[in-house]
Amino acid sequence: MKILIAGCGYLGTALGIELARAGHTVWGLRRKADKPPAPIHALTVDLLQPQLLKKIPDPLDIACFMLSPQDHDEAAYRSTYQDALMNLLDCLKKRRPLKRFIFVSSTSVYGQQNGEWVNENSETHPEHFSGQIMLRSEELVFESGLASTVLRLGGIYGPGRSTLLEHVRSGKAVLRGGPPVYVNRIHRDDAVGILTHVLKLKNPKPVYLGVDHDPAELNTVLTWLADKLNVTLAQSAASDPHSRTRQSNKRCMNALILQSGYTFKHPTFREGYAQT
Ligand SMILES: NC(=O)c1ccc[n+]([C@@H]2O[C@H](COP(=O)([O-])OP(=O)(O)OC[C@H]3O[C@@H](n4cnc5c(N)ncnc54)[C@H](OP(=O)(O)O)[C@@H]3O)[C@@H](O)[C@H]2O)c1
């Protein structure tokens, strides 16, 4: 198949390599000229500049959207997840129909704050702008009329991306008191595995959660890492009510992707961090 990966960064590059190795022709699109590695074909395009989109090869079978904003503010989120997304959707709608458009979303679309279990059918009322904008992006994707699937990923970790582990190693991580705060995560290789798996499904569902089996308490993850790294963690009285994790605190279920036949390489953070 001819596959476009729009936003060929950490996840996109790993996905592109996997798909190209499986025999597909893959274009990796990003703004900077530092090329994604072969066998991905580099495509230097800013999706915010509609006139540049004519560089995107035609026809395509699959397009995946996985851009990330440069800054963590509302304007950056809007330009990435609405303007750039709309430009790509408008371009693709005028062409031969895709077999599938994949939009990589996030578990930030859930607004639950008390550790509730959520699945693909749970209510989505995010309070933070990031979740609200991501939710609107999902709507834009489905409104486009393209055959689409949305994958809501938890926090991605893996080789070269182990912020939490480094936080513990450096002794900066702190165990917080107060009600439990849960974290939903996915190893990069499972995010790639799920995306390639979904591309092979005959009739994929519109939405899947991409998280591992264990939406563990943050303190549990920190304690496990500290034990492995032989680090003693400091303890603080209560969690910061203004921190981002307090705004969204839910436990995401992966039953739907499991039912579709996907088997995790790293079922929990324990297996994942052991190899990171
Ligand atoms: N990271 C996480 O923990 C996490 C959690 C949940 C969901 N996700 C989702 O997973 C996806 C992939 O995340 P990631 O961590 O792989 O992101 P990443 O490494 O930051 O890659 C994003 C890519 O988007 C490109 N990009 C940004 N703006 C662009 C534009 N206007 N035109 C063209 N390319 C542009 C960037 O390259 P240039 O700067 O060269 O353009 C970069 O290569 C994203 O959709 C993100 O929302 C991530």
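Index from 1, following the sequence. Atoms within each ligand, like the ligands themselves, are counted from 1 in listed order.
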Are any of the N/O atoms in [X] less than 3.5 Å from those in ligand 1?
| X | result |
| --- | --- |
| D34 | no |
| L47 | yes |
| G155 | no |
| D46 | yes |
| T80 | no |

Could you check [atom] against the protein and tell me its nearest heavy-atom contact, residue, atom and distance included?
| atom | value |
| --- | --- |
| atom 25 (C) of ligand 1 | G7 CA, 3.9 Å |
| atom 13 (O) of ligand 1 | S68 OG, 3.5 Å |
| atom 5 (C) of ligand 1 | G154 O, 3.2 Å |
| atom 48 (C) of ligand 1 | I156 CD1, 3.5 Å |
| atom 35 (C) of ligand 1 | L67 CG, 3.6 Å |
| atom 34 (N) of ligand 1 | R30 CA, 3.6 Å |
| atom 19 (O) of ligand 1 | Y10 N, 2.8 Å |
| atom 6 (C) of ligand 1 | L153 O, 3.3 Å |

Does atom [atom1] ([X]) have a neighbourhood of more than 12 heavy atoms from anything else shown, all under 6.0 Å?
| X | atom1 | result |
| --- | --- | --- |
| D34 | CG | yes |
| K205 | NZ | no |
| K35 | NZ | no |

For ligand 1, note which part of [X] has a heavy atom under 4.0 Å away: side chain, backbone, both or neither.
| X | value |
| --- | --- |
| A6 | neither |
| R161 | side chain |
| P69 | neither |
| V45 | backbone |
| A84 | neither |
| Y81 | side chain |

Sub-6.0 Å ring centroid separation between [X] and [Y]:
| X | Y | value |
| --- | --- | --- |
| F264 | Y262 | yes |
| F269 | Y157 | no |
| H72 | Y77 | yes |

Does any N or O in the side chain of [X] come within less than 3.5 Å of the main-chain N or O of [Y], such that one atom is a donor and the other an acceptor?
| X | Y | value |
| --- | --- | --- |
| N249 | P180 | yes |
| D190 | H266 | yes |
| Q112 | E123 | yes |
| D61 | M1 | no |

Atoms in ligand 1 with a heavy atom of [X] nearer than 4.0 Å:
| X | value |
| --- | --- |
| S106 | 6 (C), 7 (C) |
| L29 | 33 (C) |
| S105 | 7 (C) |
| C8 | 43 (O) |
| M134 | 47 (O) |

Which one of R31, M66, Q49 has a non-hydrogen atom at the shortest distance from atom 11 (C) of ligand 1?
-> M66

Given L11, V104, N184, which one has a non-hydrogen atom that is nearest to atom 9 (C) of ligand 1?
-> V104

Lys/Arg N to Asp/Glu carboxylate O, E217 vs R176, below 4.0 Å | no

SB check E139 R136 (cutoff 4.0 Å) =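 Salt bridge between E139 and R136, a charged N being under 4.0 Å from a carboxylate O: yes.
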
Taking atom types as modelled and ignoring hydrogens, do the side chains of [X] and [Y] form a donor-acceptor contact shorter than 3.5 angstrom?
| X | Y | result |
| --- | --- | --- |
| S260 | H197 | yes |
| E271 | T268 | yes |
| E138 | S105 | yes |

